[in-house]
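Proteins come first, then strands; the chains are lettered A, B, ... in the order of their sequence lines, and each starts at number 1.
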Amino acid sequence: MKTTIPVEDGDVLAAIRAFLGRLLESGALEAIYVPLEAAGGAAVPALVTDPARMAQANPLAPVMPINGARAVSALTGKKAPGRVGAVLRSCEIRALIELVKLQQATLEGLTMIGLDCPGTFEVPRYMERQGQAGGGLGDYLAAAREGRDPGSDGLTLRTACQMCLHPAADQAAIRFELFGLDPTQGIPVDIPDALAEQLGYSAASADGARQAVLEKVLAAHRAKRDGALAAVRAQMNANGGLPSLFNACIRCHNCMTACPICYCKTCLFRSASFDHKPDHYLSAAQRKGALRMLSDALLFQLTRMNHMSASCVGCGMCTSTCPSEIPVGMIFSAVGEQVQAAFGYEPGRSLEDPLPLVTFQANEWTEVGEAK
Amino acid sequence: MTFTPRIGVYVCHCGINIAATVDVGAVTQWAAGLPGVVVSRDYTYMCSDPGQALIQNDIRELGLNRVVVASCSPRMHEPTFRAAVSAVDLNPYCFEMANIREQCSWVHPAAETTTQKAMHLVGSAVAKAALLQPLEQRQAPTTPAALVIGGGIAGMQAALDIADAGFEVTLVERTSSLGGHVGLLHRTFPTLEPTADLLGAIVERATHHERLRVLTEAEVTAVGGFVGNFDVDIRHGHEKEKVKVGAIIVASGFDVFDARRRPELGYGVYPEVITTPEFEQLSQSEVKINGREPKNVVFIQCVGSRDQALGHPYCSRVCCMVTAKQARLVRERLPNARVTVFYMDVRAFGKGFEEFYDATRQAGVLYRRGNPSELIRRGDRVVVRAEDTLLGEPVEVEADLVILAVGMAPRADTDALAGLLKLARSSDGFFMEAHPKLRPVDTAMAGIFLAGACQGPKDITETIAQARAAAATAMIPLMRGEVTVEAATSVVDEELCAGCGQCASICTFGALTLHPTKGVMVSNAVLCQGCGACATACPSGAINVRHFTFDQVMAQINVVSDFRAPVFSAAPAEAEVASPS
Amino acid sequence: MNEQPTHGSNGRGPAALVIGGGIAGIQASLDIAEAGFRVHLVERSPSIGGRMSQLDKTFPTLDCSSCILTPKMVDAGRHPNIDLYTYSEVVQVTGEAGDFHARIRVKPRYIDPEKCHGCGLCAEACRLAGRISSDFNAGMGKRAAVYVPFPQAVPLVYTVDPEACVYLTRGVCGKTFKCKDACTAGAIDFDQKEVFVDVDAATIINATGFDVFDPSLRPELGYGVYPHVITSLEFERLASASGPTAGKITLDGTLPKKLVFIQCVGSRDRSLNLPYCSRVCCMAVAKQAHLAHDRIPGAEITVFYIDIRAFGKGFEEFYDRVRHEGVLYRRGNPSEVLRRGDRLVVRAEDTLLGEPVEVEADLVVLAVGIRPRADAQSVAEMLGLALDENGFFQEAHPKVGIVESNRPGVLLAGCCQGPKDIPDTVAHAKAAASAALIQMAQTQKVMATAHAAN
Amino acid sequence: MLQIEAHPITLQYDLFDCIQCGKCTGGCPMAMKTRLNPRSIILRLLTAGDGFDLEGREELWDCTTCSTCSSRCPKKVNPMETIIGLRGAFVEKGRVHPNVKTALESTFRQGNPLTMPRDQRGAWAKDLGLKEYAEGTEFLYYVGCTPSYDPRAQKVARSLVTLLQKAGIDFGVLGNQENCCGSEVRRLGEQGLFEMMAEENTETYKGLGVKKMLTTSPHCFNVYRNDYPKNGMAVQHYTQVLAGLVEEKRLEFSGKLEKTITYHDPCYLGKHNGIFDEPRAVLAAIPGATLVEMDRSRQKSLCCEGGGGRMWLEGTNPSVRLAQMRVKEALEAGAQVLATACPFCLLTLDEAVKHLNAEDRLQVLDIAELAAQAL
């Protein structure tokens, strides 16, 4: 049911911290995954069991060091260790749903606490401003209230967030509504009835302007997205094509480490199959006249794209971790969008939608091979 | 100590089949220069005894540890050469064939490029041979017992055959009695003899066979294991039991088409309209409708069959003869009743059927070609509105009894059983056989067979034939006492496997399952057919198919993708090049 | 069953005698052999394969017939438990169920099967090369006096045709034997005589197959008078890649534009005392019409029928597909075929139009029915079996005794018992194998106890 | 001589799929009283080689397009569409009945086949204070030509408007701007004019942002639902809307109607679109009414002979009228009111009752009128 959490003198963060504390005190949850403030204004992802530590909790920090899905996957594995909560943004929740379908995580015993996500900044930029990026929390919430881009004084949101089409965390059990938030009315929160009784909340519907604000944010993001994807697709089809986009790749595999969907224990490209013998490189070079060393840089990107493009939720972590600043997230979103459309599949939408590769229809892909 | 390959290459002329378009000598000489090759020969017929002797002598005298024969398709003579090398104690999986006949000489003209292609194929086989590992073909013992699901005539006949052959059989029947649909019949075509004693004899034998245990009001709840070693959970009444069997025969039968799905024929609305199964019951007592003997009886064919609009495009095969038989019964029981049959095609195809159809017409049954469109009420009679396509005009035939020849439909619970046994279903909804022409009773799952109408509409004769065929196929693993476990099957590297299950969803043979505790996938060597689909699907590259490992295949690709023309190795090959003896 | 059956190639243990190497005989033999019992498979012609090897494609899946038959032939030819007797026939059978004794006459091939590799040099050298009509190709192709019926023959051993070979018929063939000189393996031996082999068998399976109706018995259809009136088997050979025209459907080099197929020629015909339905022709014609539509662009194809009997699995859907491709089905049983100019005219009543029609045709294909083997009577006497009123072998009971015959221990498989298509033949043959396995398992137990006794 | 190419028609309508089983002709209501034989037409097209002579085949105009043939064909062939296609050949050659020519020209010029002036179309509702449809209104109520111009049919439109207002439905009308939907134009074989009208109307509705539409006539409902290019507009027949309202208790009947009513399923609602239960649900909700079913009902309903352009064509055998047979069946069923949900059925059945001078025993009313009376 919909209820509101009272906010004293406009301090939204305090209200949320209190709410999270009560979740632990009431025994509803044994532990909650939530970022904690640390020295230098950083927001460090943590698993908190002591309600007192919730005082440092800062789920509103506009930064995402890791995609929370990876943490929850490690935490739950095949079965949640106990009654655990996790404060997650929408792209983290959607990635987690994909991981559940890949048997890498489970939602049993897990309570997802979702926040409307106005967007995040790159970690280094955020750190430079000791946590005051974008004019600090106040301006950030104000931007959320009016549906503006919270970026300011030369600092912009991560491109993935600027073009994100799912800022609201619909699949979460508990949902905080920050768009169009008027702190004086309290924070509108959607809570399962049982939990609401346990915590003593009663139904109250706040007729916030959230819907309109959400529409405004989505419209802006959609425009940004269409422009950005068109640009990268043009680059892909320009001379040199897709490979040219990865000329700067230094094979550090950061993008694979940061990506929530890349769940392999040991990536194929780090396994024995790819430490080739010397004569392999020589004969390959003889065949083609010249061979990019080490030869599997491009093959790695294409294979990773092949493995996860259907499940790519567009969280942009790959772009954020790429030392060569290759727009990996943009490329994978451009390809992923087409793959997902072809299968009529939206990653993270619901557990009931089977993974495209797992389903087989007799008369699928009849036009394979013919030029579209 | 490191393994150094000592490979023998044998290029076959196959009479003129290869030699006509491929320069066999050049290929042999070129092969001699390949790494690891110690001897390279060519011979007119490698598959002949002298040809095989060549290989065996070289293995003994030159200590070959890998052999490559370049000749025909492995489907033709791989077993022959594997037997030849293992006769001289070389592991059969240390042998590789290059198909330079079906894939080269038979499909290309005599030309330089054809010889070069042959060289590439031989080079690729040699590259793989260097990486081959010895493998053992295991035998798994089979439980000399069988399970039959379904107590109709198909299930009983299959069970009796296997029991007669000396094996324990458990028959599970959902209802409380044996006989299935045939139990509801009164007379059968083409002999018009009563089905009671026909069926009675079979039920009698089934209930009193010392090696056949019949469980009625029972159903299979779970099936584990694989061919030769199925463990089956059965719910019998309200207690459960486990049975271990070597083979399973599915004889779950069919459902009768619900004539209500053709509302314009008035079934369930007009009391005068009944179906052929209902008439079969009626014919065992007084044939009366609304209390009086009908004067005008009309049969309507193809109700629910050959009907794409209802999603039943198939022919139900038996209704033409059922109608002919029932028409004869009507003529017999109601001599002065007029009997009309509306049909599209009369399918009297079996032995004695056409003669029976002739006799039916001679008995005064009027066959009119037309597929009735609707039935309407007129006074106390029902009117069949149709077009007599031979007269070329619409007709209205009054009737006080209309019998709909309803077709056969897949059982409503086919899905459940299909899920239990991982069986596929063909587009008409019945169970799918492995091959419609040559393997009509096998399924994709080794050890599970189909009998009777669950695989498609059949009459009693064909059901008996298919049931006995299923029994024969099921007896093979039981009589051999063992099942050969193919060696070239998939194996999962537990270090790399993340347990994501993509491989299991792709495997059509159900060979891959999640290990209950270790959270990694496990491959069942008996079920695995070595097709390699899982290996390609696995993102982590954790699955390899023995004898077709990732490295072996990459080695072959490296050779084949080297498009430069293979030049004759200038250096004298250290291998001995022998011309045909 | 406690102890394993002591069978296999050690000579002891019961064996089955299978007469006829068509798909029925092959399938029954493979099932029995796979179960571990020995089989004597006797085939009269030089190679196993039977009628199915003459087919190009099979309905309803359009598999190429040899692609699905050859592997089974190779398996049967190579199976350790199967002793293959080709170019041989069973001449005498005595004894009773569990203890039959049969005498097999191995006809002389005049070629030593051990030495011959099927290389074909003798046939190329033969003086009569390309002058003897090949009955495998339904009389349309040509071969030499020494031949193999078709390239995938099993065993791949050449045979000298006694009626055609100049030496065998006239005692001399030029100064030197061209064939002997050409043979590098020294396999040709004109002194070969027929050999008799006695075998024991616990059970016998009669899989002797069928013949095809000779349409000259319906003269008004013009078969044998007009060259462009052919049978469906001849059409199959034209369509087959291994046939005389390598798959091109033509008799004179040109592709026929208008084709007319006529169903029920020699079936459902009481005037010829052939009242039964031959069961396979409806679907065979549908398949051939599809092949014609595929291979002859712009062909106008008409099929005259009485009832279309597409009863099997996938048959009706295949029939729907063929009509959808533009094959015109007209209901009517054509009464005659006439010549008009350089074209043929098929005269029939279109019973749905209710008026007589004349359809022009460049090629008329007669869907000939299935007849019992010409020598069925003598085989029946030899095996002590009864024939039914249509000349097929009589089964014990039409519903529940379809593989047993009137003589215990002798079983029936395939079209010798009545017309069947390939899937029904395979099922019937496997059912016969089941009955045979039961018989042999019981004989096995008797022999084991007998051994224990003495 | 009116020769046409048969082969292209056999391919366009997949006539080769036909196995000549006769189910179409067997059920065809016109085959009983005229030379119309859909199966035979298909066979003659198949066997006509290239020339097929349309001369003298007047029975093609008898077809009422009730779709009994197409809805029951086991091989999914569409004899009705084939006949409409053949009518197209007549139209191309200008060989059409004068009534048809006038109706087509009137539709082209005045936007209705009844030769009525375009600016009179909205006149029927001038005193009802209806809202001009504007973007954002929930429903567009598409009235249709006959309910707009024909006095008897106007009563239906008025009753319906009363019902919608009573139930508080937010709807608007196009008044004089409303154009004919083209359903009968297409059935008369004038495919060219139909496609032009379909494009024009679709543009109008897209421009107005119409999301949901309800129609008086099953013919308009069918053409928007099945024949128009997909335009994302959800169209419903008014009986579906009323049934919904009754079920959600947003429309209650306080009045009483002590009458035995039998319902005639209009072909374009039942056979074409499978809507049998909603009209009956509305009738069942009328207090005091007892509903009786005729034998030939639901999928077996007997066509009133008004569809497929037959409002403008007498047909080759006017002596026997299906509408009269239908009235007799209603009387046999003991009904006092013959209810229907289609303006064409209303008019033809009404005329049949007058012809059999049975006005005293049987009243023909539209469901909207009955519901409005029971408010």
How many angstroms lie between CG in B:Asp345 and CD1 in C:Ile306, if you round to the nearest 0.5 Å? 11.0 Å
Atom group of C:Met73 that falls short of 4.5 Å from chain B, counting heavy atoms: neither
Indicate the atoms forming the closest heavy-atom contact of C:Val426 with B:Pro440, along with that distance. CG1-CD, 3.6 Å
Considering non-hydrogen atoms only, spot the tightest contact between B:Pro436 and C:Pro423 and give its length. O-CB, 3.4 Å
Could you look at B:Ser316 and say if it's the side chain, the backbone, both or neither that has a heavy atom under 4.5 Å from chain C? neither
Would you sort out whether C:Arg331 and B:Arg369 count as a side chain to side chain contact (heavy atoms under 4.5 Å, CB included), showing the intermediate values? CA-CA 11 Å; C:Arg331 187 173 185 286; B:Arg369 187 177 183 287; 3.4 Å; yes
Is the backbone of C:Leu352 close enough, under 3.5 Å, to the side chain of B:Thr389 for a donor and an acceptor to pair up by distance? no
Give, for atom OG1 of B:Thr473 and atom CG of C:Leu30, the distance between the pair rounded to the nearest 0.5 Å. 11.5 Å
Is a salt bridge present between C:Arg309 and B:Glu354, judged by a nitrogen-to-oxygen distance below 4.0 Å? yes
If you count heavy-atom pairs under 4.5 Å with chain B, which of C:Cys282, C:Ala433, C:Cys277 comes out on top? C:Cys277
I'd like to know which of B:Asp459, B:Asp428, B:Ile162, B:Ile153 tops the heavy-atom pair count under 4.5 Å against chain C. B:Asp428
Quick check on C:Tyr276 against chain B: is it the side chain, the backbone, both or neither that has a heavy atom closer than 4.5 Å? both
Within-4.5 Å side-chain heavy-atom neighbours: C:Asp63 and B:His435: yes
Let me know if B:Val346 has heavy atoms under 4.5 Å from chain C in its side chain, its backbone, both or neither. both
Any side-chain to backbone donor/acceptor pair from B:Asp164 onto C:Ile438? Under 3.5 Å, distance only. no
Who among C:Val403, C:Ile23, C:Asp388 has the most heavy-atom pairs with chain B under 4.5 Å? C:Asp388
B:Gln308 versus C:Asp320, side-chain donor and acceptor atoms under 3.5 Å: yes
Passes salt bridge (Lys or Arg N to Asp or Glu O under 4.0 Å), C:Arg78 versus B:Glu78? Steps please. CA-CA 12 Å; C:Arg78 240 197 4 246; B:Glu78 184 165 60; over 6 Å; no
Sort C:Val400 into side chain, backbone, both or neither according to what part of it lies under 4.5 angstrom from a heavy atom of chain B. both
With a 4.5 angstrom heavy-atom cut-off, which part of B:Thr188 approaches chain C: side chain, backbone, both or neither? side chain
Before accepting this row, confirm whether a basic side-chain N of the pair B:Glu462/C:Lys313 lies closer than 4.0 Å to the acidic partner's carboxylate O. no
Is chain C contacted by the side chain of B:Ile202, its backbone, both, or neither, given a heavy-atom distance below 4.5 Å? side chain
Taking the side chain as C-beta and beyond, is there a heavy-atom pair between B:Leu198 and C:His397 under 4.5 Å? yes
Let me confirm one number: the CZ-CG distance from C:Arg270 to B:Asp358, rounded to the nearest 0.5 Å. 4.5 Å
Rounded to the nearest 0.5 Å, how far apart are CD1 of B:Ile460 and CD1 of C:Ile402? 12.0 Å
Heavy-atom pairs under 4.5 Å with chain B, option from C:Gly312, C:Pro419, C:Ala310, C:Gly354 with the top count: C:Ala310
Does any heavy atom of chain C fall under 4.5 Å from the side chain of B:Gln455, the backbone, both, or neither of them? both
Please determine if B:Lys458 forms a cation-pi arrangement with C:Phe311, meaning its NZ or CZ atom is less than 6.0 Å from the six-membered ring centre and no more than 45° off the ring axis. no
B:Thr80 portion near chain C, given a 4.5 angstrom heavy-atom threshold: side chain
More than 12 heavy atoms of other groups within 6.0 Å of C:Asn273 CG: no
If you measure from CZ on B:Arg468 to CG on C:Leu437, what distance do you get to the nearest 0.5 Å? 10.5 Å
Minimum heavy-atom distance between C:Ala431 and B:Ala465, given as atom pair plus value: CB-O, 3.5 Å
Just so I understand: if I count every heavy-atom pair under 4.5 Å between each of B:Thr463, B:Ile464, B:Leu438, B:Asp161 and chain C, which residue has the most? B:Leu438
Which of the residues B:Pro79, B:Pro477, B:Ala348, B:Ala201 is involved in the greatest number of heavy-atom pairs with chain C at under 4.5 angstrom? B:Ala348
Partner chain B: residue of C:Gly418, C:Gly314, C:Pro275 with the largest heavy-atom pair count (under 4.5 Å): C:Pro275
Please state whether the side chain, the backbone, both or neither of C:Ile32 comes within less than 4.5 Å of a heavy atom of chain B. neither
Would you check if the side chain of C:Asp307 reaches a backbone N or O of B:Arg347 as a donor-acceptor pair within less than 3.5 Å? no
Sidechain-backbone polar pair: B:Lys437 side chain, C:Phe59 backbone, donor-acceptor under 3.5 Å: yes
Show your working on salt bridge (Lys or Arg N to Asp or Glu O under 4.0 Å) between B:Arg317 and C:Asp424 and close with a plain yes or no. CA-CA 13 Å; B:Arg317 192 163 178 151; C:Asp424 293 342; 3.2 Å; yes
Shorter than 4.5 Å, heavy atoms on both sides: which option in C:His428, C:Glu317, C:Met440, C:Glu389 has the most such pairs with chain B? C:Glu317
With a 3.5 Å distance limit and no angle check, can you tell me whether C:Lys399 reaches the backbone of B:Phe189 through a side-chain donor-acceptor pair? yes
Could you tell me whether C:Lys420 sits above the aromatic face of B:Phe349, with NZ or CZ closer than 6.0 angstrom to the six-membered ring centre and within 45 degrees of the axis? no
Residue among C:Gln27, C:Lys72, C:Glu114 with most heavy-atom pairs under 4.5 Å to chain B: C:Lys72
Below 4.5 Å from any heavy atom of chain B, which atoms of C:Ala436 appear? Answer side chain, backbone, both or neither. neither
So, B:Arg480 side chain and C:Gly36 main chain: donor-acceptor pair closer than 3.5 Å or not? no
If you round to the nearest 0.5 Å, how far is CD of C:Glu395 from OG1 of B:Thr461? 8.5 Å
Contacting region of C:Gln439 [heavy-atom separation from chain B under 4.5 Å]: neither
